[in-house]
Amino acid sequence: ARVQAMEGNVFLKDIELALNEKLGEEKTTELLDSAQKWYEAITAENAEEAAKHSEAVVPVLTSVVK
């Protein structure tokens with residue numbers, strides 16, 4: 001899971017400009033921050049914390065691709 005979370009964060013950084021256009025700078029910063037915290041929680045094997053941050057990331061990304 002750690003590798004997938006890291007790849008997800010790399011992907012988000014890759015599309016940061018597009019996210020800024022779609023979400024605005026503030027929301028994009030919040031998304032990237034939550035994604036980093038998600039990765040850190042996964043790395044620390046803290047499933048509860050990872051789930052919390054995942055709930056902040058996934059709905060935003062879902063709304064972007066729709």
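Nothing fancy with the numbering, it's 1 onward along the sequence. Everything quoted here is computed from the prediction, not taken from an experiment.
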Worksheet item: Taking Gln36 for the side chain and Asp33 for the main chain, is one N or O donor matched with an acceptor at less than 3.5 Å?
Response: no
Practice prompt. Give, for atom CG of Leu12 and atom CH2 of Trp38, the distance between the pair rounded to the nearest 0.5 Å.
Written response: 8.5 Å
Worksheet item: Between Ser34 and Leu31, is there a donor-acceptor pair closer than 3.5 Å when you use the side chain of the first and the backbone of the second?
Response: no
Item to complete: Following the transitive rule for hydrophobic clusters with a side-chain heavy-atom cut-off under 4.5 Å over Ile, Leu, Val, Met, Phe, Trp and Tyr, establish whether Val64 and Phe11 coincide in one cluster.
Response: yes
Item to complete: Salt-bridge test for Lys37 and Glu40: reply yes if a basic N is under 4.0 Å from a carboxylate O, no otherwise.
Response: no
Fill in: Value rounded to 0.5 Å, distance of CZ in Arg2 from CD1 in Ile42
10.0 Å
Worksheet item: Looking at CG of Asp14 and CD of Glu7, how far apart are the two atoms once the value is rounded to the nearest 0.5 Å?
Response: 12.0 Å
Fill in: Sidechain N-carboxylate O distance under 4.0 Å for Lys13, Glu16
yes
Practice prompt. To the nearest 0.5 angstrom, please state how far the NZ atom of Lys66 sits from the CG atom of Leu61.
Written response: 12.5 Å
Worksheet, complete the sentence: Here the gap from Lys27 atom NZ to Thr29 atom OG1, rounded to the nearest 0.5 Å, amounts to 12.0 Å
Practice prompt. Give a yes or no on whether Gln4 atom CD has more than 12 heavy-atom contacts from other residues, nucleotides or ligands under 6.0 Å away.
Written response: yes
Practice prompt. Return the minimal non-hydrogen interatomic distance between Ser63 and Lys22, and the atom names on each side.
Written response: O-CE, 4.2 Å
Worksheet entry | Single-linkage hydrophobic cluster, 4.5 Å side-chain cutoff, Val57 and Ile15 together | yes
Practice prompt. State, yes or no, whether a side-chain contact exists between Val60 and Leu19 at a heavy-atom distance under 4.5 Å.
Written response: no
Worksheet item: With distance as the sole test, does Thr62 use its side chain to make a donor-acceptor pair with the main-chain N or O of Val58 at under 3.5 Å?
Response: yes
